[in-house]
Amino acid sequence: MLARPSATARTCVLLVLLAATGIAILELVREQTGTPGFFVGLGLAVLPVAPLMAAFRWLGRAAPAPWPQLLFCFGWGACTAALIAILANNFATEWIAAATADPSGADHLGSVAVAPVVEESAKAAALVLVFAFRRRHFTGPADGFVVAGFTATGFAFTENILYLGNAFVQDLAAGTGVLDSVTAATFFVRIVLSPFAHPLFTVLTGLGFGAAAVSAHRARRVFLPLLGLALAMGMHALWNGSAQFGDNGFYIVYACVMVPVFGTLVWLAVRIRRRRLRAVAGELALYAAAGWLAPAEVPALASMPARSLARALARRSGGRAAGRAVARYEADAAALALLRNRARRGGPLREADFTRRERELLHRMWRRRATAGPALARAAVMEELLPPWFDPLGPATGAEVPAPRSEDRPADPGEKRRGDPGELRRGGRRAEPSLRR
């Protein structure tokens with residue numbers, strides 16, 4: 001039987017793939033736009049990238065995904081998905097033109113019927129890879145939101161280079177002024193009015209994957225991503241075909257469809273973020289009661305300003321290494337809370353996988369709690385998250401937290417207890433959250 005490739009081998013393969021497709025797509029875009037058009041398009045297309053990435057990162061900060069994973073998604077969208085889309089769209093348009101002998105009709109049919117299917121499928125491939133090989137980082141709709149957003153932002157970046165570069169070449173050939181230029185019009189439509197268009201489409205796919213990640217039903221885990229992908233394709237096709245609604249078709253679709261859907265997704269993103277923070281507070285309170293962390297850490301870990309303050313306090317007293325330790329502690333604590341929340345809600349998680357992952361997270365937190373715990377407790381006090389009578393360094397419900405020793409390893413928290421397998425043991429270092437059936 002063939003051995004499964006290791007994580008390192010998969011990472012190397014993906015890096016080689018991204019590098020090869022990146023070189024190919026850059027050269028292909030440069031050939032189509034010319035060198036001057038390429039650099040003009042590049043300079044203009046990069047403007048919305050940082051704000052979009054910051055917005056999606058903000059959504060995921062409650063339980064942040066690793067930066068390498070997010071950069072992979074951006075690179076997949078900008079390189080691999082963009083290359084697939086350009087080659088497939090060109091091939092399909094040429095085939096339709098040859099079959100119908102109507103080039104203008106082929107362009108329209110390609111943009112409405114072919115491009116949405118090809119582009120959304122190419123972007124969705126990044127979500128499939130993360131969902132398949134980094135399932136532990138795919139804990140709900142918020143992760144689908146973020147992964148899809150980074151992938152689509154990368155795709156839109158490369159596509160904008162192409163559109164803006166070609167517009168600049170047209171202006172050079174026509175000798176038009178700046179205000180009347182095709183470049184200015186393209187910049188206004190793609191960068192000012194609709195920088196969120198591609199992220200909006202692909203986020204629908206991401207929400208489908210996110211919902212599948214917490215669903216206990218096998219049929220839903222297949223159906224929900226496909227439904228999200230179908231909605232993304234439909235929205236994309238409507239957007240590309242807006243010109244068919246008359247001279248003002250673009251503005252009609254923009255005002256009546258794109259803006260309301262965008263507003264709904266923004267509202268949903270804020271709601272998802274708040275629900276995540278509430279889940280962090282509720283689940284970590286159980287671990288605090290068992291003695292795995294101090295009670296004052298719980299409100300601090302459920303508050304993004306307090307987390308930021310704790311990192312700043314740690315850096316001030318212990319340097320960058322201490323700040324990084326607090327950041328990793330915060331990320332592990334949030335991942336632990338969402339892991340237990342996912343198991344409590346009946347997500348597709350085996351008992352053995354839950355126990356192993358929980359033990360791993362608790363062990364990493366235990367090693368850093370001497371640095372992170374005081375910083376978080378102080379941040380909770382400074383942010384006024386605790387009642388005046390609360391002792392931030394006191395024990396939780398009578399449970400003493402033992403000082404970590406070099407020979408200590410966190411005990412297996414998945415060990416079952418008779419009578420109440422879903423509760424945590426108080427008064428020691430052993431916590432026992434197990435899956436509820």
Side-chain angles (χ1 to χ4, degrees), residues 14-54 56 70-94 97 103 106-107 110-111 114-116 118-120 122-123 125-126 149-199 201-202 236 239-240 250:
L14 290 175
L15 289 176
V16 170
L17 176 63
L18 289 181
T21 54
I23 293 171
I25 191 64
L26 287 176
E27 180 59 23
L28 185 60
V29 172
R30 192 196 64 79
E31 286 182 359
Q32 294 192 24
T33 61
T35 301
F38 173 80
F39 283 108
V40 169
L42 177 64
L44 297 176
V46 77
L47 294 177
V49 171
L52 287 171
M53 292 176 69
F56 287 112
L70 298 180
L71 293 178
F72 159 76
C73 292
F74 180 86
W76 181 277
C79 301
T80 309
L83 181 64
I84 292 172
I86 287 180
L87 295 178
N89 287 339
N90 288 343
F91 172 80
T93 301
E94 292 175 0
D107 290 338
S111 66
V114 177
V118 170
E119 294 176 10
E120 296 307 321
K123 288 182 285 183
F150 269 77
T151 305
T153 299
F155 185 91
F157 168 65
T158 300
E159 190 178 71
N160 285 337
I161 296 174
L162 181 63
Y163 277 89
L164 290 165
N166 284 332
F168 179 75
V169 171
Q170 292 181 39
D171 289 336
L172 283 181
T176 55
V178 175
L179 296 179
D180 299 328
S181 66
V182 179
T183 305
T186 304
F187 179 85
F188 179 73
V189 170
R190 299 190 66 87
I191 306 300
V192 177
L193 279 184
S194 58
F196 58 85
H198 272 289
F201 307 145
T202 312
H236 198 155
W239 177 249
N240 285 2
F250 168 81

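Below, all heavy atoms of this structure are taken into account, side chains as well, without hydrogens, waters or symmetry copies.
The two atoms that bring Leu52 and Pro199 nearest to each other are CD1-CG, 4.4 Å, heavy atoms only. Closest non-hydrogen pair, Gly110 versus Pro116, comes out as O-CD, 4.4 Å. Nearest heavy atom pair, residue Ala24 against residue Leu83, reads CB-CD2, 3.9 Å. Contact detail for Thr183 and Leu164: the closest heavy-atom pair is O-CD2, 4.1 Å. In plain terms, the two heavy atoms of Thr151 and Lys123 that are nearest each other are CG2-O, 3.6 Å. Nearest heavy atoms, Ala81 versus Phe155: O-CE1, 3.7 Å.
A side chain to side chain contact (heavy atoms under 4.5 Å, CB included) with Phe187 is found for exactly one of Leu44, Val182, Leu193, namely Leu44.
Atom CD1 of residue Ile25 and atom CZ of residue Arg30 lie 13.0 Å apart, to the nearest 0.5 angstrom. Separating the CG atom in Asn166 from the CG atom in Asp171 is a distance of 11.0 Å, to the nearest 0.5 Å. For the atom pair OG1 of Thr33 and CG of Leu28, the computed distance is 9.5 Å after rounding to the nearest 0.5 Å. Taken from SG in Cys79 to CG in Leu26, the straight-line distance is 6.5 Å, to the nearest 0.5 Å. Here the CD atom belonging to Glu119 is positioned 5.0 Å from the NE2 atom belonging to His198, to the nearest 0.5 angstrom. The distance from the CG atom of Leu71 to the CZ atom of Phe150 is 7.5 Å, given to the nearest 0.5 Å.
At least one side-chain heavy atom of Ile161 sits less than 4.5 Å from a side-chain heavy atom of Phe157. A 4.5 Å side-chain heavy-atom check between Thr153 and Met53 finds at least one atom pair inside the cut-off. Counting only heavy atoms from C-beta outward, the side chains of Glu120 and Thr202 approach each other to under 4.5 Å.
The local environment of CZ in Phe250 is crowded, with over 12 non-hydrogen atoms from other residues, nucleotides or ligands closer than 6.0 Å. No more than 12 heavy atoms of other residues, nucleotides or ligands shown are found within 6.0 angstrom of OH on Tyr163.
Taking the six-membered ring where tryptophan is involved, the planes of Phe72 and Trp76 are tilted, since the angle between them lies from 30° to 60°. Between Phe201 and His236, the ring planes lie parallel to each other; the angle is under 30°, not in the 30° to 60° tilted range.
A donor-acceptor pair under 3.5 Å is absent between the side-chain atoms of Thr80 and the main chain of Leu18, judged by distance alone.
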